[in-house]
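Per chain, numbering begins at 1; letters A, B, ... match sequence-line order.
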Amino acid sequence: MVGSGALEFVPVADIELDCENPRIRKFLEMYPEKPSAERIFLALSAAGGDENESSTTFEKLRQSILTSGGIIHPVILNRRADGSLICIEGNTRVALYQNFLEEKVAGNWTRIPSLVHDQMDENQADAIRLQVHLVGTRPWDPYSKAKYLYQLRTQARLPFQQIVDFCGGRQKEVLESINAFSDMERHYKPIVDEGNYDTTRFSGYVELQKPGVKEAIVTAGFDLTDFAHWIHDRRLYPMHYVRQLHRILTNPKAKEIFLKKNAAEAMKAIDRPDLDKALIDATIDQLSQALRSKIYALPFLEADRLRRDSDSDLALNLSETLTALSVLLGSGDDGERLS
Amino acid sequence: MSESSKHAELVGIIVEYIRREHTHTTAMGILDDLTGPLRAERPSKIGGFVPDVHAFDAPLTTVIIGEAKTAADLETEHSLNQIKAFMLYLSHQRAGIFILAVPWQVKRRGSSLIEAVRKDIGAHSVRTITLDDVGC
């Protein structure tokens, strides 16, 4: 049984980072000697839950701590028999405090709020790590997050930039979230009966914020109330079809099918490149291996260009493929199922 | 001064102008396409072009697109298509503002150009501002 520990404000200089931390062990195992604090810091900044997102997450946490002037959740420490303190949970936060101190970042980084356990054994430490990282807290769904951000902006009147800083500094994400909530409240709410307000449709409103989507709707002679009906009637389903609206609405045949049936049927009418026989006959396994090889062989500059240009046809096709794969493997959104 | 340094200077002028004139009242987010750190946020493509500056509030009220042009590239076909695409996008916003920053020698030409585009595509709701590298 793990106790809750005693809350203390511990000098960060007295805390030893845990080089056995599963998040960074894979990096540190490459070096035979005991890793320095600097190497642990580098490993923490490189590691993350997802290879592509790791640096962003580290940077988000850094930005959020700087904006808040400290951490909200205390880190968890173990006081060993000799009195030394090792960090069981919150290594990145401790490392950031130590880094802020070293780089003389303005603020009070000398002591960090900590829950200190006395002589915890390895089983108890594992229980804490498992609860924090494998079970974790229940994350808010995207709609609830957006609603909270919207309220902070419109009712608490927090400046946009401040909200962005609290959230870790990604302006486009915050903007899309707030605007998606605003559009959904304004256009979707009035057309659904009370009790039928389906918050899982929120992702459709996030897609609506991508550049060019609203313009495509208005240019084709529709408005956001029409869009709300399309979402409600499942004419736009799965939600990633929202990104294809400009292609559908500018193609007369596809537009006609979309208005009569749905986006999935309409997309079939849009010209697709001719696939040669070998590609058509290939199995999913062969195609997935070929796709992986192509991706790994992609030059850095080309990959970087693709990441920046999320509206390109290739990016849209890849995004569509990713959604289909997530659904196939059972890791997609609850609201998205292969029909 | 090289073309690229001049361009960067003009982008900086747009960002400063937005900070001065709009940030206090609406606390806008500002994204610019100047060389920044790796993974820094940059403006998204709009109508096939990436603007030099994209500023916005949330929920969306004011949207600002800023474009910097040196004398050499002000009147090229590419610039014209870019400005048209940005104006069209702004015309669909509740309060769209287009800012053009140019060297002082071509400020009048710049103003005439964006005014002509605005009329041409019927983007009457879009407010236009021309800045220069001397008096802003």
Tell me, yes or no, whether the heavy-atom count around Glu115(B) atom CD, taken from other residues, nucleotides or ligands under 6.0 Å, exceeds 12.
yes
Any idea which heavy atoms bring Leu175(A) and Asp57(B) closest together, and the distance?
CD1-O, 3.5 Å
Nearest atoms (heavy-atom pairs only) where Lys172(A) meets Pro43(B)
NZ-C, 3.9 Å
Considering only heavy atoms, give the residues of residues 212-225 of chain A separated from chain B by less than 4.5 Å, sorted numerically, with 'none' for an empty result.
Glu215(A), Val218(A), Thr219(A)
With a 4.5 angstrom heavy-atom cut-off, could you sort out which part of Tyr150(A) is near chain B: side chain, backbone, both or neither?
side chain
Please examine the side chains of Arg153(A) and Pro59(B), heavy atoms only from C-beta on, and report whether any two atoms are closer than 4.5 Å.
yes
Of all of Asn179(A), Val174(A), Ile178(A), which one pairs up most often with chain B through heavy atoms under 4.5 Å apart?
Asn179(A)
